[in-house]
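This report concerns only the one structure given below.
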Amino acid sequence: MPAVEPDNILLLPRLREPDQSLRTKEVLVRTQAPRFLEGAGFPVRRPFPSRDIPFAMSDPFLLLDHMGAVEYAPGEAKGAPWHPHRGFETVTYIVDGAFRHRDSHGGGGLITNGATQWMTAGSGLLHDEMPPDDLVKRGGLFHGVQLWVNLPRKLKMVPPRYQSIESDQVQLLTSADGSAVIRLIAGELEGFRGPGLTRTPITYAHVSLPPGSQLRLLWPQGFNAVVYALAGEGVVGEDVPITEGEAIVLGAGDVLGIQAARIQSAKTPRLEVLLLGGSPLREPVFSYGPFVMNTRAEILQAIEDFQSGKMGHIPAAGLLGDDPR
Ligand code: MN
(Lines give C-alpha, C1' and ligand atoms only; values in the text may rest on other atoms or scores of the structure.)
Protein backbone atom coordinates (compact mmCIF):
# COMPACT_ATOMS: atom_id res chain seq x y z
CA MET A 1 0.00 0.00 0.00
CA PRO A 2 2.01 3.03 -1.17
CA ALA A 3 0.19 5.71 0.83
CA VAL A 4 2.94 7.82 2.42
CA GLU A 5 5.26 5.77 4.68
CA PRO A 6 7.80 7.18 7.15
CA ASP A 7 11.51 6.50 6.50
CA ASN A 8 11.91 5.65 10.17
CA ILE A 9 8.83 5.21 12.31
CA LEU A 10 10.88 5.68 15.50
CA LEU A 11 11.63 9.28 14.55
CA LEU A 12 7.96 10.27 14.31
CA PRO A 13 6.26 12.32 17.03
CA ARG A 14 4.48 9.95 19.41
CA LEU A 15 1.00 10.18 20.79
CA ARG A 16 0.79 9.82 24.56
CA GLU A 17 -0.59 6.66 26.12
CA PRO A 18 -3.93 7.83 27.53
CA ASP A 19 -4.41 7.42 31.27
CA GLN A 20 -5.63 3.92 32.10
CA SER A 21 -8.54 5.39 34.08
CA LEU A 22 -10.05 6.88 30.89
CA ARG A 23 -12.87 4.93 29.36
CA THR A 24 -12.51 3.16 26.00
CA LYS A 25 -15.26 4.23 23.64
CA GLU A 26 -18.11 1.78 23.34
CA VAL A 27 -19.23 0.36 20.00
CA LEU A 28 -22.70 1.46 18.88
CA VAL A 29 -22.86 -0.06 15.40
CA ARG A 30 -20.83 -2.47 13.31
CA THR A 31 -21.83 -2.92 9.70
CA GLN A 32 -20.60 -4.26 6.40
CA ALA A 33 -20.58 -1.59 3.70
CA PRO A 34 -23.08 -2.29 0.90
CA ARG A 35 -21.69 -2.35 -2.65
CA PHE A 36 -22.83 0.03 -5.40
CA LEU A 37 -21.88 1.11 -8.90
CA GLU A 38 -21.02 4.82 -8.98
CA GLY A 39 -20.40 7.30 -11.81
CA ALA A 40 -19.96 5.55 -15.17
CA GLY A 41 -20.07 2.20 -13.39
CA PHE A 42 -17.12 1.83 -11.03
CA PRO A 43 -17.68 -0.37 -7.98
CA VAL A 44 -17.69 1.23 -4.53
CA ARG A 45 -18.40 0.10 -1.00
CA ARG A 46 -20.46 2.70 0.86
CA PRO A 47 -20.55 2.29 4.65
CA PHE A 48 -22.69 5.42 4.98
CA PRO A 49 -25.27 6.67 4.43
CA SER A 50 -26.76 3.24 5.02
CA ARG A 51 -29.53 1.54 6.93
CA ASP A 52 -27.17 0.90 9.83
CA ILE A 53 -25.40 4.28 9.75
CA PRO A 54 -27.95 7.03 9.04
CA PHE A 55 -26.79 10.60 8.60
CA ALA A 56 -27.56 11.57 12.21
CA MET A 57 -24.79 9.16 13.24
CA SER A 58 -22.13 10.31 10.78
CA ASP A 59 -23.01 14.06 10.78
CA PRO A 60 -21.14 16.17 9.52
CA PHE A 61 -20.01 13.41 7.13
CA LEU A 62 -22.59 12.73 4.43
CA LEU A 63 -21.10 9.83 2.54
CA LEU A 64 -18.04 7.59 2.33
CA ASP A 65 -17.19 5.68 -0.86
CA HIS A 66 -14.39 3.09 -0.78
CA MET A 67 -13.10 2.56 -4.32
CA GLY A 68 -11.14 -0.67 -4.72
CA ALA A 69 -8.66 -1.93 -4.00
CA VAL A 70 -9.09 -3.24 -7.52
CA GLU A 71 -6.68 -4.48 -10.17
CA TYR A 72 -8.22 -3.09 -13.35
CA ALA A 73 -7.84 -5.02 -16.59
CA PRO A 74 -7.02 -2.91 -19.68
CA GLY A 75 -10.05 -0.83 -20.72
CA GLU A 76 -11.88 -1.54 -17.48
CA ALA A 77 -11.18 1.53 -15.30
CA LYS A 78 -14.08 3.97 -15.09
CA GLY A 79 -14.74 7.26 -13.35
CA ALA A 80 -17.45 9.86 -12.89
CA PRO A 81 -17.70 12.09 -15.98
CA TRP A 82 -18.82 15.73 -15.80
CA HIS A 83 -21.39 16.37 -13.07
CA PRO A 84 -22.24 19.22 -10.68
CA HIS A 85 -22.07 19.63 -6.89
CA ARG A 86 -23.39 22.24 -4.46
CA GLY A 87 -23.57 22.65 -0.71
CA PHE A 88 -20.76 20.43 0.61
CA GLU A 89 -17.14 19.29 0.15
CA THR A 90 -15.73 16.23 -1.62
CA VAL A 91 -12.49 14.89 -0.14
CA THR A 92 -10.67 12.37 -2.34
CA TYR A 93 -7.80 10.39 -0.84
CA ILE A 94 -5.91 8.08 -3.18
CA VAL A 95 -4.05 5.22 -1.51
CA ASP A 96 -2.82 3.41 -4.65
CA GLY A 97 -2.84 4.53 -8.27
CA ALA A 98 -4.16 7.83 -9.60
CA PHE A 99 -7.36 9.75 -10.22
CA ARG A 100 -7.56 12.70 -12.58
CA HIS A 101 -9.68 15.71 -11.72
CA ARG A 102 -10.87 18.59 -13.89
CA ASP A 103 -13.46 21.23 -13.15
CA SER A 104 -15.36 24.13 -14.64
CA HIS A 105 -13.20 26.66 -12.79
CA GLY A 106 -10.08 25.68 -14.71
CA GLY A 107 -8.67 23.63 -11.84
CA GLY A 108 -7.41 20.11 -12.19
CA GLY A 109 -4.62 17.70 -11.65
CA LEU A 110 -3.64 14.20 -10.82
CA ILE A 111 -4.30 12.85 -7.31
CA THR A 112 -1.78 10.07 -6.71
CA ASN A 113 -0.50 7.67 -4.04
CA GLY A 114 -1.14 9.19 -0.61
CA ALA A 115 -2.41 12.58 -1.84
CA THR A 116 -5.74 14.19 -1.04
CA GLN A 117 -7.82 16.67 -2.94
CA TRP A 118 -10.13 18.68 -0.75
CA MET A 119 -12.76 20.34 -2.93
CA THR A 120 -15.25 22.77 -1.44
CA ALA A 121 -18.09 22.74 -3.96
CA GLY A 122 -19.89 25.51 -2.03
CA SER A 123 -22.12 27.53 -4.39
CA GLY A 124 -21.54 25.04 -7.18
CA LEU A 125 -19.31 23.77 -9.96
CA LEU A 126 -18.96 21.00 -12.50
CA HIS A 127 -16.22 18.44 -12.30
CA ASP A 128 -14.92 15.31 -13.95
CA GLU A 129 -13.28 12.54 -11.93
CA MET A 130 -11.64 9.86 -14.07
CA PRO A 131 -8.78 7.42 -14.00
CA PRO A 132 -5.91 8.76 -16.13
CA ASP A 133 -5.81 7.51 -19.74
CA ASP A 134 -2.78 5.27 -19.18
CA LEU A 135 -4.53 3.47 -16.29
CA VAL A 136 -7.56 2.93 -18.55
CA LYS A 137 -5.39 1.65 -21.43
CA ARG A 138 -2.99 -0.55 -19.52
CA GLY A 139 -5.05 -1.38 -16.43
CA GLY A 140 -3.50 -1.46 -12.96
CA LEU A 141 -4.03 -1.12 -9.24
CA PHE A 142 -6.48 1.47 -7.96
CA HIS A 143 -7.49 2.14 -4.35
CA GLY A 144 -8.98 5.28 -2.87
CA VAL A 145 -11.80 6.84 -0.90
CA GLN A 146 -14.10 9.79 -1.38
CA LEU A 147 -15.63 11.43 1.66
CA TRP A 148 -18.44 14.02 1.49
CA VAL A 149 -18.29 16.62 4.25
CA ASN A 150 -21.39 18.71 4.80
CA LEU A 151 -21.24 22.49 5.00
CA PRO A 152 -23.31 24.35 7.58
CA ARG A 153 -26.19 26.49 6.32
CA LYS A 154 -24.19 29.71 6.52
CA LEU A 155 -21.34 28.29 4.38
CA LYS A 156 -23.26 26.36 1.72
CA MET A 157 -22.90 29.11 -0.87
CA VAL A 158 -19.21 29.98 -0.31
CA PRO A 159 -17.14 30.18 -3.50
CA PRO A 160 -15.56 26.86 -4.59
CA ARG A 161 -12.07 26.17 -3.20
CA TYR A 162 -9.45 23.47 -3.73
CA GLN A 163 -6.73 22.17 -1.51
CA SER A 164 -4.19 19.80 -2.97
CA ILE A 165 -2.67 17.99 -0.03
CA GLU A 166 0.41 16.13 -1.24
CA SER A 167 1.45 12.96 0.53
CA ASP A 168 4.55 14.59 2.05
CA GLN A 169 2.41 17.32 3.69
CA VAL A 170 0.41 14.86 5.76
CA GLN A 171 1.23 14.95 9.51
CA LEU A 172 2.79 11.59 10.35
CA LEU A 173 2.56 10.36 13.92
CA THR A 174 3.07 7.09 15.72
CA SER A 175 1.37 5.36 18.61
CA ALA A 176 2.81 5.47 22.14
CA ASP A 177 4.63 2.17 21.49
CA GLY A 178 5.94 3.27 18.08
CA SER A 179 4.13 0.54 16.17
CA ALA A 180 1.30 2.23 14.25
CA VAL A 181 1.62 4.85 11.50
CA ILE A 182 -0.96 7.62 11.80
CA ARG A 183 -1.42 9.89 8.77
CA LEU A 184 -3.32 12.93 9.98
CA ILE A 185 -4.88 14.44 6.86
CA ALA A 186 -7.03 17.04 8.59
CA GLY A 187 -7.99 18.17 12.05
CA GLU A 188 -6.37 17.64 15.40
CA LEU A 189 -5.16 14.74 17.51
CA GLU A 190 -3.58 15.41 20.91
CA GLY A 191 -2.34 18.83 19.79
CA PHE A 192 -0.98 17.74 16.39
CA ARG A 193 -2.69 19.15 13.29
CA GLY A 194 -3.19 17.77 9.80
CA PRO A 195 -2.74 20.04 6.76
CA GLY A 196 -6.35 19.99 5.52
CA LEU A 197 -8.28 23.21 6.13
CA THR A 198 -11.74 22.33 7.35
CA ARG A 199 -14.85 24.53 7.50
CA THR A 200 -16.10 22.96 10.73
CA PRO A 201 -14.16 20.95 13.34
CA ILE A 202 -13.36 17.48 12.03
CA THR A 203 -10.53 14.94 12.27
CA TYR A 204 -9.59 12.64 9.37
CA ALA A 205 -6.75 10.11 9.56
CA HIS A 206 -5.49 6.92 7.89
CA VAL A 207 -3.84 4.52 10.33
CA SER A 208 -1.77 1.40 9.56
CA LEU A 209 -1.34 -1.16 12.34
CA PRO A 210 1.07 -4.08 11.87
CA PRO A 211 0.05 -7.47 13.31
CA GLY A 212 -0.59 -7.24 17.07
CA SER A 213 -0.20 -3.44 17.15
CA GLN A 214 -2.41 -1.60 19.60
CA LEU A 215 -3.48 2.03 19.39
CA ARG A 216 -5.24 3.96 22.13
CA LEU A 217 -5.82 7.59 21.36
CA LEU A 218 -7.57 10.38 23.13
CA TRP A 219 -10.45 11.36 20.84
CA PRO A 220 -11.46 15.05 20.56
CA GLN A 221 -14.31 15.78 22.97
CA GLY A 222 -17.75 16.29 21.43
CA PHE A 223 -16.74 14.55 18.19
CA ASN A 224 -18.54 11.51 16.91
CA ALA A 225 -16.27 8.67 15.75
CA VAL A 226 -16.38 6.25 12.82
CA VAL A 227 -13.73 3.61 12.07
CA TYR A 228 -13.69 2.10 8.58
CA ALA A 229 -11.42 -0.80 7.61
CA LEU A 230 -9.73 -0.44 4.20
CA ALA A 231 -7.88 -3.73 4.64
CA GLY A 232 -6.83 -6.27 7.23
CA GLU A 233 -8.36 -7.51 10.45
CA GLY A 234 -8.54 -6.42 14.05
CA VAL A 235 -10.62 -5.35 17.01
CA VAL A 236 -12.22 -1.99 17.85
CA GLY A 237 -13.20 -0.92 21.36
CA GLU A 238 -12.87 -3.68 23.93
CA ASP A 239 -13.71 -6.67 21.77
CA VAL A 240 -15.60 -5.95 18.54
CA PRO A 241 -13.96 -7.47 15.44
CA ILE A 242 -13.52 -5.45 12.27
CA THR A 243 -12.41 -6.54 8.81
CA GLU A 244 -12.04 -5.03 5.34
CA GLY A 245 -15.21 -3.24 4.21
CA GLU A 246 -16.69 -2.91 7.70
CA ALA A 247 -17.48 0.29 9.57
CA ILE A 248 -17.85 0.78 13.30
CA VAL A 249 -19.54 3.76 14.97
CA LEU A 250 -18.35 4.53 18.47
CA GLY A 251 -20.27 6.13 21.30
CA ALA A 252 -19.56 7.14 24.89
CA GLY A 253 -16.00 7.08 26.18
CA ASP A 254 -12.78 9.08 25.85
CA VAL A 255 -10.30 6.77 24.16
CA LEU A 256 -10.53 5.30 20.69
CA GLY A 257 -9.04 1.82 20.91
CA ILE A 258 -7.96 -0.33 17.94
CA GLN A 259 -5.89 -3.47 17.79
CA ALA A 260 -4.61 -5.34 14.74
CA ALA A 261 -5.07 -9.09 14.70
CA ARG A 262 -1.83 -11.05 15.23
CA ILE A 263 -2.37 -12.86 11.95
CA GLN A 264 -3.09 -10.91 8.78
CA SER A 265 -3.36 -12.17 5.22
CA ALA A 266 -0.23 -12.09 3.06
CA LYS A 267 -1.98 -9.82 0.55
CA THR A 268 -2.88 -7.18 3.16
CA PRO A 269 -0.28 -7.55 5.92
CA ARG A 270 -1.57 -4.72 8.15
CA LEU A 271 -4.87 -3.44 9.51
CA GLU A 272 -5.56 -0.26 7.55
CA VAL A 273 -8.29 1.99 8.96
CA LEU A 274 -9.73 5.41 8.38
CA LEU A 275 -10.65 7.39 11.48
CA LEU A 276 -13.37 9.99 11.04
CA GLY A 277 -14.74 12.36 13.63
CA GLY A 278 -16.42 15.71 13.78
CA SER A 279 -18.75 18.07 15.55
CA PRO A 280 -22.26 17.29 14.30
CA LEU A 281 -23.94 20.24 12.53
CA ARG A 282 -27.44 19.10 13.58
CA GLU A 283 -29.10 21.00 10.72
CA PRO A 284 -31.81 19.69 8.40
CA VAL A 285 -30.39 17.92 5.34
CA PHE A 286 -32.22 17.97 2.03
CA SER A 287 -30.25 16.20 -0.66
CA TYR A 288 -30.85 15.30 -4.27
CA GLY A 289 -28.08 13.47 -6.10
CA PRO A 290 -25.06 15.77 -6.23
CA PHE A 291 -26.70 18.64 -4.28
CA VAL A 292 -26.94 18.79 -0.49
CA MET A 293 -28.88 21.70 0.98
CA ASN A 294 -31.12 22.45 3.98
CA THR A 295 -34.51 22.78 2.27
CA ARG A 296 -36.45 21.50 -0.73
CA ALA A 297 -36.66 25.02 -2.15
CA GLU A 298 -32.86 25.25 -2.10
CA ILE A 299 -32.61 21.94 -4.00
CA LEU A 300 -35.05 23.18 -6.68
CA GLN A 301 -32.94 26.34 -6.93
CA ALA A 302 -29.79 24.23 -7.31
CA ILE A 303 -31.32 22.21 -10.16
CA GLU A 304 -32.43 25.41 -11.88
CA ASP A 305 -29.01 27.04 -11.42
CA PHE A 306 -27.27 23.96 -12.81
CA GLN A 307 -29.60 23.76 -15.82
CA SER A 308 -29.20 27.46 -16.60
CA GLY A 309 -25.39 27.17 -16.49
CA LYS A 310 -24.88 29.13 -13.26
CA MET A 311 -22.63 26.40 -11.86
CA GLY A 312 -20.34 26.68 -14.87
CA HIS A 313 -19.86 24.87 -18.17
CA ILE A 314 -17.79 21.94 -19.34
CA PRO A 315 -14.58 23.47 -20.70
CA ALA A 316 -13.94 22.78 -24.42
CA ALA A 317 -10.81 20.77 -23.56
CA GLY A 318 -12.90 18.68 -21.19
CA LEU A 319 -14.69 17.05 -24.10
CA LEU A 320 -11.38 15.61 -25.32
CA GLY A 321 -9.17 13.06 -23.56
CA ASP A 322 -6.37 13.80 -21.11
CA ASP A 323 -5.20 17.41 -20.87
CA PRO A 324 -1.49 17.94 -21.41
CA ARG A 325 -1.71 19.64 -17.99
MN1 MN B 1 -18.16 14.39 -7.90
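Model, not experiment: these values are computed from the prediction. One-based numbering, in listed order, for ligands and for the atoms of each.
Between R183 and E5 there is a salt bridge, with a side-chain nitrogen of the basic residue lying less than 4.0 Å from a carboxylate oxygen of the acidic one.
The side-chain contact (heavy atoms from CB on, under 4.5 Å) search around S164 returns E166, not counting sequence neighbours.
Other cluster members for I94: F36, F42, V44, M67, V70, Y72, F99, I111, L135, F142, joined by side-chain heavy-atom distances under 4.5 Å among Ile, Leu, Val, Met, Phe, Trp and Tyr.
The distance cut-off of 2.8 Å around the Mn ion (ligand 1) captures these protein N, O or S atoms, sorted by chain and number: H83 NE2, H85 NE2, H127 NE2, E129 OE1.
Checked by atom type, the side-chain pair S175/D177 shows a donor-acceptor distance below 3.5 Å.
A side chain to side chain donor-acceptor pair (under 3.5 Å) with E129 holds for exactly one of Q117, H101, R100, H83; it is H83.
Annotation: side-chain hydrogen bond (donor to acceptor under 3.5 Å, both in side chains) contacts involving residues 282-291, sequence neighbours excluded, comprise E283-N294.
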